[in-house]
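First the structure, in the form of structure tokens, and then the observations on it.
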Amino acid sequence: MDHPQVTLTQRQGYQFEHHYRAGLPVLLADEPAPLGTGTGPSPVDLLASAVGNCLSASLLFACQKYKDDPGALRAEVKADVGRNERNRMRVLGLAVDLHLGKPAAELGHLQRVLDTFEDFCTVTQSVAGAIPVTLRVLDSTGAVVKG
């Protein structure tokens, strides 16, 4: 089983360098103002990216399993950040729109893909127990095919 690891090193203020395995570039993250300078993505941005990336990869894998080519995929993830009942800042929800690069009519197994791909998304299924994740899938014409 894979055991991903990252080492974070403070650069200055709220800026942290994220060092992944050898050969991968270092990622600089930072809190937005007024805490940080917004020089890099924030931890909330990284969470949203992880969910969007994992869902996109899962959708692509499922399409390829059925020999369907979804075209160039695009994901938009919006994080709802606010205060919880204890007045602490929290990610209250994530809204994900996945955009297919082709019309739904060109994907012969799309319904089978849409019925299963979310279950195989490691990151989303891991965080969804604590953070509500809503998902829509749209084809290249803008038609909502799941959601």
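Model, not experiment: these values are computed from the prediction. Positions are given from 1 along the sequence. Hydrogens, waters and symmetry mates are skipped; everything else that's a heavy atom, side chains included, is used.
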> At what distance, to the nearest 0.5 angstrom, does CG of Leu60 lie from CG of Asp68?
Replying inline: 11.0 Å

>> Looking at every heavy atom in both Gly93 and Ile131, which two are closest together, and how far apart are they?
In response: CA-CG2, 3.8 Å

>> Please say yes or no: joined through hydrophobic side-chain contacts below 4.5 Å, possibly via intermediate residues, are Val91 and Tyr14 part of one cluster?
In response: no

> How close do Ala104 and Val145 get, heavy atom to heavy atom, and via which atoms?
Replying inline: CB-CG1, 3.7 Å

>> Restricting to non-hydrogen atoms, name the atom on Val6 and the atom on Tyr20 that form the minimum distance, rounded to 0.1 Å.
In response: CG2-CE2, 3.6 Å

> Roughly how far, to the nearest 0.5 Å, is CG of Leu59 from CD of Gln64?
Replying inline: 10.0 Å

>> Let me confirm one number: the CG-NZ distance from Leu73 to Lys102, rounded to the nearest 0.5 Å.
In response: 10.5 Å

> Are Ser56 and Asn53 close enough that a side-chain donor and a side-chain acceptor fall under 3.5 Å?
Replying inline: no

Distance-only donor-acceptor pairs under 3.5 Å for side chains of residues 107-115, two or more places apart:
from	atom 1	to	atom 2	distance (Å)
His109	ND1	Tyr66	O	3.3
Gln111	NE2	Asp115	OD1	2.8

> Of all heavy-atom pairs between Cys121 and Cys54, which one has the smallest distance, and what is that distance?
Replying inline: SG-SG, 2.8 Å

> Between Val127 and Val81, is there a shared hydrophobic cluster once you connect ILVMFWY residues whose side-chain heavy atoms come closer than 4.5 Å?
Replying inline: yes

> Got Met89 and Arg83 here, is their nearest side-chain heavy-atom distance under 4.5 Å?
Replying inline: yes

>> For a side chain to side chain contact (heavy atoms under 4.5 Å, CB included) check, start with the C-alpha distance between Phe120 and Lys65, then their side-chain angles and the critical distance, and finish with the verdict.
In response: CA-CA 13 Å; Phe120 295 95; Lys65 178 181 175 183; over 6 Å; no

>> For Val137, run the side chain to side chain contact (heavy atoms under 4.5 Å, CB included) check against Val96, Leu55, Leu100, Val144 and tell me which one passes.
In response: Leu100

> Do any N or O atoms from the side chain of Arg88 and from the backbone of Arg86 form a donor-acceptor pair under 3.5 angstrom?
Replying inline: yes

> Is the closest side-chain donor-acceptor distance between Glu17 and His19 under 3.5 Å?
Replying inline: yes

Please list every donor-acceptor pair under 3.5 Å in which a side-chain atom of residues 21-34 meets a protein atom from a residue at least two apart or in another chain.
from	atom 1	to	atom 2	distance (Å)
Asp30	OD2	Thr37	N	3.0
Asp30	OD2	Thr37	OG1	2.5
Asp30	OD2	Gly38	N	3.1
Asp30	OD2	Thr39	N	3.1
Asp30	OD2	Thr39	OG1	3.4

> For Phe16, does the CZ atom sit with more than 12 other heavy atoms under 6.0 Å from it, leaving out its own atoms?
Replying inline: yes

> Under 6.0 Å from the CD atom of Gln10, do we count more than 12 heavy atoms belonging to anything else shown?
Replying inline: yes

> How close do Pro132 and Leu92 get, heavy atom to heavy atom, and via which atoms?
Replying inline: CD-O, 3.3 Å

> Do Ser49 side-chain atoms and Asp45 backbone N/O form a donor-acceptor pair below 3.5 Å?
Replying inline: yes

> What are the two closest heavy atoms between Lys146 and Glu118, and how far apart are they?
Replying inline: CE-OE2, 2.7 Å

> If Ile, Leu, Val, Met, Phe, Trp and Tyr residues are connected whenever their side-chain heavy atoms lie under 4.5 Å apart, and connections chain through other members, are Leu138 and Phe117 in the same group?
Replying inline: no

